[in-house]
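Step one of this worksheet: look at the structure below.
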Amino acid sequence: MTAQLARNPAARILVVFGTRPEAIKLFPVIAALRADPRFEPVVCVSAQHREMLDQVLEIAGIVPDHDLDLMQPGQTLDGLTAALLTGLGQVMDAVRPARVMVQGDTATAMAGALAAYYRKLPVDHVEAGLRSGNILHPWPEEVNRKIIGAMASLHFAPTETAAGALLAENVDPARVHVTGNTVIDALKWVTARIAREPALAGGLAEVERRFAGRRIIGVTSHRRENFGDGMASIAGAIRRIAARPDVAVIFPVHLNPNVRQVMNEKLAGLDNVALLEPLDYLHFARLLGLAEIMLTDSGGVQEEAPALGKPVLVMRETTERPEGVAAGTARLVGTDEDRIVTEIFTLLDDKAAYEAMARAHNPFGDGRSAARIVELLGNEIGQA
Ligand code: UD1
Ligand code: UDP
């Protein structure tokens, strides 16, 4: 027998994802798996998102091995989930992986885990253990991640708090590992790239010129539980904030039609508001750098802003990411129009209030989470 034949074959890991934030948080893990001869990563995208997913794939240099191309305009949760379960199951049958990796709490992650479980394949969950304690906020993500948690083999918790939530649900402590959040790996990578080559994020130059001398507020919004009244109230708040001559709002608008319609109706054409198409990650990192304050209902932005010392006002009633709030960089403000305006004006006008929030710290990770995850997976397959 040759030395090569005597070695274990590389473990085939099917990495499944479908939306922008999953792609951002998994590309560092895919890179680390690819660099390690013990693994044979196979990438399957559901394309639950299309354009917003492709923006990340391009920057990260990932060409998926399987692309289900599932996105439908205005897709429903049940139609999407049914298509995901069938499509991902078929890919698993064709690829025959040793393990399946999912990230976070999207429909793709939940259906990917379920399809793997139906085949008795071990599921590795990146960003495990986030809990708000309210199954309607965020909706449906709180339940998606609980479903994944019920099936996962390895739980990669970003923080001690997240690990604690899993232990409180009686998950075997030997299966729970605190790794940090891979979003910090991604953010560091992208920030270093821009530092080396600023032209990569040069697409904001026009808006930067237009708003020179103004205080920039960066906005993102897309949560399903905010659709309807919540989105209308957010748009109303932005109108009032942008009425200040010293302020400018840069708002890359999510492609979900429930967001775009109301934002276009209420904010298009305002002097101090730039409604942009979704920014690729290089340009979004540039926006995080330019902004004095971030106003968002995003999960990922709540993790990135503290790492950069940017005060972040979170337009939610509750958060599964309490670490930013505990550290003082993030504040929950809900979606009430008056409250959002008051909170923003306080940060703009009260230097002490601003400085109390604007401190860089890293409760969500140190940028080495992907390496930890791959090491833990290596230990796991070594035991098999
Ligand atoms: C999804 C996730 C949410 C995550 C968010 C990140 C679920 C149930 N929701 O929400 O957890 O926080 O992604 O952004 O998994 N669209 C496009 N092009 C795109 C992306 C979306 O046109 O590239 C439009 C389509 O009309 C699509 C709609 O947005 O039907 C909604 O997309 P969907 O993935 O169902 O929900 P999101 O609100 O994006
Ligand atoms: N993001 C981006 N371009 C944008 C808006 C956000 O690249 O125009 C990034 C952001 O930096 C973060 C991620 O997308 O890493 C968050 O995605 P989103 O808010 O859509 O989803 P969530 O994190 O709420 O699930």
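In each ligand, atom 1 is the first atom listed, and ligand 1 is the first ligand listed.
- In this structure, His254 and His222 have parallel ring planes: the angle between them is below the 30° cut-off, well short of the 60° mark.
- Regarding atom 10 (O) of ligand 1, its nearest protein heavy-atom neighbour is His49 NE2, 4.2 Å.
- Contact check for Ile62 versus Val43: side-chain heavy atoms found under the 4.5 Å cut-off.
- Residue contacts with ligand 1: Arg223 is included, with a non-hydrogen atom under 4.0 Å away.
- Near Leu279, with a cut-off below 4.0 Å to any heavy atom, the atoms of ligand 2 are 2 (C), 3 (N), 4 (C), 7 (O), 8 (O).
- Near Pro278, the atoms of ligand 2 lying under 4.0 angstrom from a non-hydrogen atom of the residue are 8 (O).
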* To do: Take Lys146 and Glu142 through the test salt bridge (Lys or Arg N to Asp or Glu O under 4.0 Å) and record every step on the way to the result.
  => CA-CA 6 Å; Lys146 288 173 92 158; Glu142 178 78 355; 5.0 Å; no
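- Those atoms of ligand 2 with a heavy atom of Tyr281 less than 4.0 angstrom away are 7 (O), 11 (O), 15 (O).
- Ligand 1 places these atoms under 4.0 Å from at least one heavy atom of Leu77: 8 (C).
- To the nearest 0.5 Å, atom OG1 of residue Thr346 and atom CZ of residue Arg331 are 8.0 Å apart.
- In terms of protein heavy atoms, atom 18 (N) of ligand 1 is closest to Glu51 OE1, 2.8 Å.
- What sits closest to atom 31 (C) of ligand 1 on the protein, heavy atoms only, is Asn256 ND2, 3.3 Å.
- In terms of polar-atom proximity, defined here as any N/O pair under 3.5 Å, Leu288 makes no such contact with ligand 2.
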* Would Arg175 and Glu380 satisfy salt bridge (Lys or Arg N to Asp or Glu O under 4.0 Å), going step by step from the backbone distance to the final call? -> CA-CA 10 Å; Arg175 313 304 297 168; Glu380 184 71 9; 2.8 Å; yes
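- Each of the atoms 24 (C), 26 (O), 29 (O) of ligand 1 lies under 4.0 Å from some heavy atom of Pro257.
- A donor-acceptor pair under 3.5 Å is absent between the side-chain atoms of Asp246 and the main chain of Arg214, judged by distance alone.
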* **CA sep, side-chain torsions, deciding dist, call: Glu22, Thr108, side-chain hydrogen bond (donor to acceptor under 3.5 Å, both in side chains)** => CA-CA 9 Å; Glu22 293 165 273; Thr108 295; 4.6 Å; no
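- For ligand 2 and Gly299, the ligand atoms under 4.0 Å from any heavy atom of the residue are 22 (P), 23 (O), 24 (O).
- Ranking the protein heavy atoms by distance from atom 26 (O) of ligand 1 puts Gly74 N, 2.8 Å first.
- Nearest protein heavy-atom neighbour of atom 25 (O) of ligand 2: Pro21 CG, 3.5 Å.
- At least one N/O-N/O distance between Gln75 and ligand 1 falls below 3.5 Å.
- Only the side chain of Pro252 comes within 4.0 Å of ligand 2, judged by heavy-atom distances.
- Among all non-hydrogen protein atoms, the one lying nearest atom 22 (O) of ligand 1 is Met71 CE, 3.4 Å.
- Checked by atom type and distance alone, the side chain of Lys25 never pairs as donor or acceptor with a backbone atom of Asp185 at under 3.5 Å.
- Looking at Thr108 against ligand 1, nothing comes within 4.0 Å, counting heavy atoms.
- For ligand 1, the atoms sitting less than 4.0 Å from at least one non-hydrogen atom of Arg224 are 33 (P), 35 (O), 36 (O), numbered in the order shown with element in parentheses.
- Atom 5 (C) of ligand 1 has His222 CE1, 3.6 Å as its closest protein atom, hydrogens excluded (heavy atom only).
- In terms of protein heavy atoms, atom 14 (O) of ligand 2 is closest to Arg20 NE, 3.3 Å.
- The nearest heavy-atom contact from the protein to atom 3 (C) of ligand 1 is Glu141 OE2, 3.2 Å.
- Atom 13 (C) of ligand 2 has as its closest protein heavy atom Ile24 CD1, 3.8 Å.
- For ligand 1, the polar-atom distance check against Gln72 finds a nitrogen or oxygen pair separated by under 3.5 Å.
- In terms of protein heavy-atom proximity, atom 7 (C) of ligand 1 is nearest to Gln48 NE2, 3.3 Å.
- Looking from atom 15 (O) of ligand 2 to the surrounding protein, the closest heavy atom is Glu304 OE2, 2.5 Å.
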* To do: Using the side-chain contact (heavy atoms from CB on, under 4.5 Å) rule, take Ile148 and Asp105 through it: C-alpha gap first, then chi angles, then the decisive distance, then the call.
  => CA-CA 8 Å; Ile148 301 167; Asp105 50 22; 5.6 Å; no
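- Residue contacts with ligand 1, taken as heavy atom pairs separated by less than 4.0 Å, involve His254 solely via side-chain atoms from C-beta onward.
- Of the polar atoms of His222, at least one N or O is found under 3.5 Å from an N or O of ligand 2, judged by distance alone.
- Atoms of ligand 1 found under 4.0 Å from any heavy atom of Arg50 (numbered from 1 in listed order, with element): 19 (C), 23 (O).
- Under 4.0 Å from ligand 1, not a single heavy atom of Pro138 appears.
- Interface atoms of ligand 1 facing Met52, defined by a heavy-atom separation under 4.0 Å, are 19 (C), 20 (C), 23 (O).
- Here's the thing with Ala107: one of its N/O atoms is less than 3.5 angstrom from an N/O atom of ligand 1.
- With respect to atom 19 (O) of ligand 2, the closest heavy atom belonging to the protein is Ser298 OG, 2.8 Å.
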